[in-house]
Every structure is written in C-alpha cells, then in structure tokens.
S.K.: 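Below is the structure I would like to discuss, written out as structure tokens.
Here is the naming used below: chain letters follow the sequence lines, and residue numbers restart at 1 for every chain.
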2 protein chains.
Amino acid sequence: MDMGERKRQILHSVINEYIASAEPVGSRHIAKNLELGLSSATIRNEMADLEEMGYLEQPHTSAGRVPSDKGYRFYVNELMSDYQLSLKELDMLKTMMKFQIGQIDKVMKSAADFLSQFTHYTAFMTSPEMKQGAIKTVELVPIDATSMLIILVTNEGVMKNKRVIIPQNVDTDFIHRFSNLLKEKLSGLTLEEINVVKIQEIKEAMQSHFEMLFPVLDFITDIIEDVRKETDVYVSGTTNIFDYPEYKDLGKAREFLEFLDDKQSVTKALEEPYNEKMQNNDSQKSRVRITIGKENGLNVMQSSSVVTANYYMGDRVMGKVGIIGPTRMDYSKAVAKIERISNYLNRVLSELYYDDNKE
Amino acid sequence: MDMGERKRQILHSVINEYIASAEPVGSRHIAKNLELGLSSATIRNEMADLEEMGYLEQPHTSAGRVPSDKGYRFYVNELMSDYQLSLKELDMLKTMMKFQIGQIDKVMKSAADFLSQFTHYTAFMTSPEMKQGAIKTVELVPIDATSMLIILVTNEGVMKNKRVIIPQNVDTDFIHRFSNLLKEKLSGLTLEEINVVKIQEIKEAMQSHFEMLFPVLDFITDIIEDVRKETDVYVSGTTNIFDYPEYKDLGKAREFLEFLDDKQSVTKALEEPYNEKMQNNDSQKSRVRITIGKENGLNVMQSSSVVTANYYMGDRVMGKVGIIGPTRMDYSKAVAKIERISNYLNRVLSELYYDDNKE
DNA sequence: TGTTAGCACTCGTCGCTGTTGAGTGCTAAC
DNA sequence: GTTAGCACTCAACAGCGACGAGTGCTAACA
C-alpha cells in the first residue's frame, strides 16, 4: 500500500489536531476540518489503512487515532511546514539577546532558561566540549605561604581553577618563575595533547630545584582530567512538563523528573548516536536534530522527544542546546525556536572567538 | 485546661504514630500501643481535649486525629527525644567525609547531595555569604592583547573571575605593574568596604598613565556588586518529595517543585525572620532551627517544614544547610543529621580558615 | 470501483448507589 | 474518673447503567 496525497493530507491533519488537543482524533472530526468533500466513512477507511501502515495507533477499539512514533517521524520529515515566529516571539528573542553579558557560562544558563520559557518545554544545554580546546594560559596565584591557585584558561574563554596546598614554604618570586615556565611549556597545547607522558617530559626538562613544585604538575593533570570528563548539562524548566497531560500521572512525572535530576543519564541520552531511522531531509540545512520516542534507546524516554542543535564557535562544535518534551510536541515551532537560539549562540561565541584571534 | 502527663504521653504517641504512618491515628490504636491500661474511650476523651486545645486536628468527623502545627511545635520543643544515629548511618557519614576534596563549592554541593540522600528529604544549601569577606588577592591575567581576566580571591577561598576587554593594546608588563598596584590597594579590604568612593580614591592615587585601565576598576566594582547580591542556593533531591503521600496530588507536587525551581523565592523563604512562636529550648545548644508549616509565611510552604542550621567558618556565619519536607517530618532524625552535617562543614571550613591564618 | 449511509458494536467516562469499616461522641453504668 | 455500648458519620470502594464518541462492516449508490 502506498501513501497517496490524500493519505498524506489526512495524516497531516490528524497529527496537527492531536498536537493541539492531546486527544485521540476521530474520523468525523477530520471530515469536518479538512475540506476534501469526503465523508467520515471514507476517512475512516483511510485511517484504517494508515494504522495498518504503522503511522497511526488506536489507544482502544472505540477511541480515535493517535500518531505513532513512525507517524511523527513521517510528519517531521515530509509534512511539517516551517514555522514563522510571530512578532511577539521575535520581540521576546530581541529582549533576550540584550543580555549578552560577558561570562560564557552565564550566557549559556540564560539561553537555556530563556529557551524553556520560550518553548514551554524543558530546555537543556550541554557545556562546551573542551577536548580540543587549547590552553591559552596557565597562571599560578599565590594565596598564602602554603597554598596557591592554579588557573587554566582555554581559548574558548573557559576557566578552571583549583586551590593547591604546597607542603613547604615557597617564596612568591619563586612561584612566579615557575608559573612563567609552565606557561611557556603548556600554552598552545590542546587538552588532548597533555597527558602523563607530556607532564613527565616537562618534569625532566625542569631544573631539579623546582622539584618541590612537582605536585603542582600532578594537580594540573587532575584538573585537565576533570575538565575532560566534565560534560556539564544545565537543565531548565523541568516543571514545564506539568503542563502536558502525558505527564498527568504522578509516576510518569516522577520518572521524568528523576531522569532529569541525574545529569549523567541526561548526558547519556544526548550522546545517543545518530541512527539511520532518524534521517531527516531538513537536517543538513537546519542542523536541528529530532529524536522521537523510542528512537532514543532509553526506557524513560519512550514517550518523550528530544530536539537539539549543536552550537559552534567558529567551525568547532561546542555543545548542544535543545528541548525535551512529549512526543506530541509542536515540532515545527520547536525547530524554529531552537534554530534561532543556536544561531544566537553561534554569533555570541564567534565574537569571542574573533576576539581571540585578533592578536 | 492544662497539659497533664497523660495528655503529653498521648500526644507524643499520636505524633510518633502519624510521622511513621501518614495516616490519621485513632483512639483504639493508641490504647493498644501505649500501655497505660486505659481503654480507647478514655483516650478518646483525652484526644478530644487535645483537639480543643489546638494540638490535634480532625480531617473529618469519622477519621482519626492528625497533629496540628501547634502540636508539632509542642512535640519539637518538649517531647521529642534525641535521635541516635545508627551504625549504618554513621558509616554513611564516614564514607561521605572522605570526599573532602579541595574546592569549596564542590564540598558544598556534595554535602547537600549527601544530605538529601541521607534524610530522604529535599536538601538545600545557601552559598557562603560574602558581605564580610575580605579580599585576599586580586590578579589580572592577560589573555591576549585586548582582553584579560580579573580574578578576585577572598579569604574564604572563594574565587570570582570575569573577562574584560580592553580598548587599547597594552603590554603584558604594564598589566603586571597595574595588577600589583591593585593588589596592594585592595588586599585586606572587606567587600563592604569597597564602594564607589574607595574606587575613586584609588583612581586618584594612581598615576594618570594608568588611565586606560580605569575601566578595569569599574569592572571590579561590578564583580563585587555581583558577589554581594549573589546568594546562591543549591537544592538537591527535589524528587524525594514523591515519596511522601502529602505530595501525591499533582497540583501540590507541582507547586512545591516550582517553588524550589525559583531560587529567589527559596532564598526568601530561608531568610524568614526568627519569630517568637518558633522559640525552642534546644535551639541554643543545638543551633538547629525548625520552622513548621504556617510559621513560615509563604503560601506554598503551609504544609511543609524547614529544618536548618547555620554553618560557620571560625566564628562567622557562612550560610545555611537544611532540609525541606512535609510538616509530618521525622524531626528528631532530621535534627540529628543536620547537626552532623553542619559540624562536618564547620570542621572542613575551619581547616581552610586555619590554613589561611598560618601565614 | 470508489464513496457513502446506516447500523451494530466496543469501550472509556461519569454519576449514582449501596456497602463496608474505621472512628467518633454521647450516655449510662461501674 | 473510667469504660462498655451504641448510634452516627463519612471516606473509600465496588457495582451498575446510561451516555457518547468512535469504530468496522455491509450494502447500496454513482
């Protein structure tokens, strides 16, 4: 059985209706809404076909039809039209963009917060991936006689720091000299390039009278290890799910919220590999990726969809922004909004990047 | 009517029972449990008295009795016995304490995470209050020709940083000299002492050839302003509330979670002034403070209780740790556990403090 | 051959009903 | 002052029928 134009129209209508109402859609309703001059009986036949083909499902015998994951997938790939942001929405965006304040992590957080308010779904943002980040500078700041701060700045403008206790008293000048040496040795290396071997090399290259500061080098490997592992996820607007009847069941809501609370599992969910079923004609151009229901392996996520976009600094992928919501999601709005946000982030970050390369 | 020993015993028993079962307690049950050799009818009379006195309430005519806020308050102040941690609990604590890793904010977070698992309620932690913190050091780290990082370290070991763009090219050495100057001028001042006037003074004291770096000073005021306003709350274990039947209603759960999501309102709830009704004989010695139901002004919190303790560095209050849960809370366990955690924090922070004063 | 009207059937939802049981308050006797 | 007894209250629950939205099938129609 093949998907004629009429079936497409009916499927489209069912999905639109269901997205709006959250209630199973009946043939009568479609017959009225869609002005094809067809009776409900005919629609009924077509819908039975669509069900057989796997695009629709019936919660129970005498209920209307509900889109299946496959149905949504077809909708997303073939039927969905581009959503044009309303004036009000554009205005919100504009206001938000005024808050381009300096610190990178704050930009991130506020973007995620905004996205959750903007879409009414739960928004998330993964922190910049730093594996390929290069070290811009290393600085040792003495705090007192026995402790100092190690500060690492990468070329993404990200900064990590750690306080270190030194066993012996060391004078400030000495620390400065050591600091300069480190800067010289480490600047420009990517985080991937700095490994145990490299550190050993540096140790050997140093005069032995720096020996007492060798623990500092070990701390640096620690920090880098931390940074590498650290894929922070920031989640915003978790309570938005209460707006959707699919989570009206306490158990469902709980499951979902517990899932979001566990950053590790969220990260895992977002790392989910791109699989063939998810291919989407639009994805190349829009860079927005959609995972529907069971397409995502996780149990908890079976009735949720995830819409994400990467964001970039220059050409390098930095992380992901996106939303999580019920499979019955307004995909076209979601895509349009996420596209905007990711473009916004690209712009802000590219400005930073540009600054960096001005030297 | 006065509260005789028998009434106290009955009230105690009702509350214990209710805390354990979450179900209205009947006279028959008490008669059996409490071995006073009294019949349920007698207990019934006493309970009617306790209700008249305001310590108990009846959800509806033919249900058992439930403690009122006043009842809990009496329980907390007069009846409750000290809870002795079990071996298993002590062991958990021990394990947790091994994670005393360096960075102050990580210690905080892991303490809150632990507390929520330990108590099964929702835990929170307010970030160190820094108003009275003194500046330990200021450092300017050049990143490239047109930008640098301002790093502020306070004597609590807290660190703030901000990236700053400088309009003109300035050489590294120049920045270093300026940095040293700043360090000299600002070190030792408390955040409260640094205000616009002070900054102006510094500007004037500087030679005019530093003029181009004056914007940096303005950024410093910005950061300090940020730090002052910033009373970060870290909340952990929000989904624990799903374990308690008082939140089995979706609306209730939602309300509660939305409240916790809004950091500002949480901060406000915790700032709630100490009011006379809350006076507690134990509070001086234990430093644990309990707010029961409506004692806390907020609407959302009418059926929740908050148990908090301050934590200190040396003699100075740094912030609060605590838990939020239903008024039907196991107060004695809660108090015991929070006491431990706050002691632990005091110890960890005092070590930092001690380190700082070693110089 | 595709479309449609008609009809029997399914099944979840809603409101009503009666039953059950836990718990109370009151009264009268101890 | 205590208690046994009893009538009363009320939430929770299960059973029941009416309702209605929606279906699938069949037979008639263009």
S.K.: Across all strands shown, which nucleotide pairs with dC19(D) by Watson-Crick or G-U wobble geometry, both distances under 3.5 Å?
M.R.: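 Check on dC19(D): paired to dG12(C), both distances under 3.5 Å.
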
S.K.: It should be established whether Ser39(B) places a side-chain nitrogen or oxygen under 4.0 Å from OP1 or OP2 of nucleotide dT3(D).
M.R.: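 Result: yes.
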
S.K.: Atom CG of Leu38(A) and atom C1' of dC29(D): how far apart are they, to the nearest Å?
M.R.: 16 Å

S.K.: Rounded to the nearest Å, what distance is computed from the CD1 atom of residue Ile30(B) to the P atom of nucleotide dT24(C)?
M.R.: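 Going from Ile30(B) (CD1) to dT24(C) (P), I get 10 Å.
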
S.K.: Whole angstrom is fine here: how far is it from CD1 in Ile10(A) over to C1' in dT3(C)?
M.R.: 13 Å

S.K.: Within the 3.5 Å criterion, strictly below it, is a donor on Ser40(A) or Ser27(A) matched to an acceptor on the partner's side chain?
M.R.: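 No - no donor-acceptor pair under 3.5 Å links their side chains.
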
S.K.: Is any side-chain nitrogen or oxygen of Thr61(A) closer than 4.0 Å to OP1 or OP2 of dC11(C)?
M.R.: yes

S.K.: In whole Å, I'd like the distance from the CD1 atom of Ile43(B) to the C1' atom of dG1(D).
M.R.: 14 Å

S.K.: Verify whether one side chain among Tyr83(B) and Glu89(B) offers a donor that lies under 3.5 Å from an acceptor in the other.
M.R.: yes

S.K.: With a cut-off of less than 4.0 Å, is there a side-chain N or O of Thr42(B) near OP1 or OP2 of dT3(D)?
M.R.: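 So the side chain of Thr42(B) is within the cut-off, an N or O lying under 4.0 Å from OP1 or OP2 of dT3(D).
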
S.K.: Could you state the atom-to-atom distance from CD of Gln58(B) to P of dA22(C) in whole Å?
M.R.: 17 Å

S.K.: Does dG21(C) have OP1 or OP2 sitting under 4.0 Å from an N or O in the side chain of Arg28(B)?
M.R.: no

S.K.: Output a table of nitrogen or oxygen pairs between the protein and nucleotides 25-28 of chain D separated by less than 3.5 Å.
M.R.:
none

S.K.: Any side-chain N or O of Arg6(A) below 4.0 angstrom from OP1/OP2 of dT3(C)?
M.R.: yes

S.K.: Report the distance from atom CE of Met47(B) to atom P of dA22(C), rounded to the nearest whole Å.
M.R.: 16 Å

S.K.: Rounding to a whole Å, what distance do you find between Lys32(B):NZ and dA22(C):C1'?
M.R.: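 Checked: the NZ to C1' distance equals 12 Å.
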
S.K.: If you look at every strand shown and take non-hydrogen atoms under 4.0 Å, does Ser27(B) touch a base, only sugar-phosphate, or nothing?
M.R.: sugar-phosphate

S.K.: Would you kindly say whether Thr291(B) and Asn296(B) are connected by a side-chain donor-acceptor distance under 3.5 Å?
M.R.: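 There is no such pair between these side chains.
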
S.K.: Is it the case that Lys252(B) places NZ or CZ above or below the six-membered ring of Tyr247(B), under 6.0 angstrom from the centre and within 45 degrees of the axis?
M.R.: no

S.K.: Is Arg28(A) atom CZ crowded by more than 12 heavy atoms from other residues, nucleotides or ligands, each under 6.0 Å away?
M.R.: no

S.K.: Check whether the side chains of Tyr75(B) and Asn16(B) place a donor and an acceptor atom closer than 3.5 Å, and report yes or no.
M.R.: yes

S.K.: Does the side chain of Thr122(B) pick up a donor-acceptor pair with the side chain of Asn240(B) at under 3.5 Å?
M.R.: no

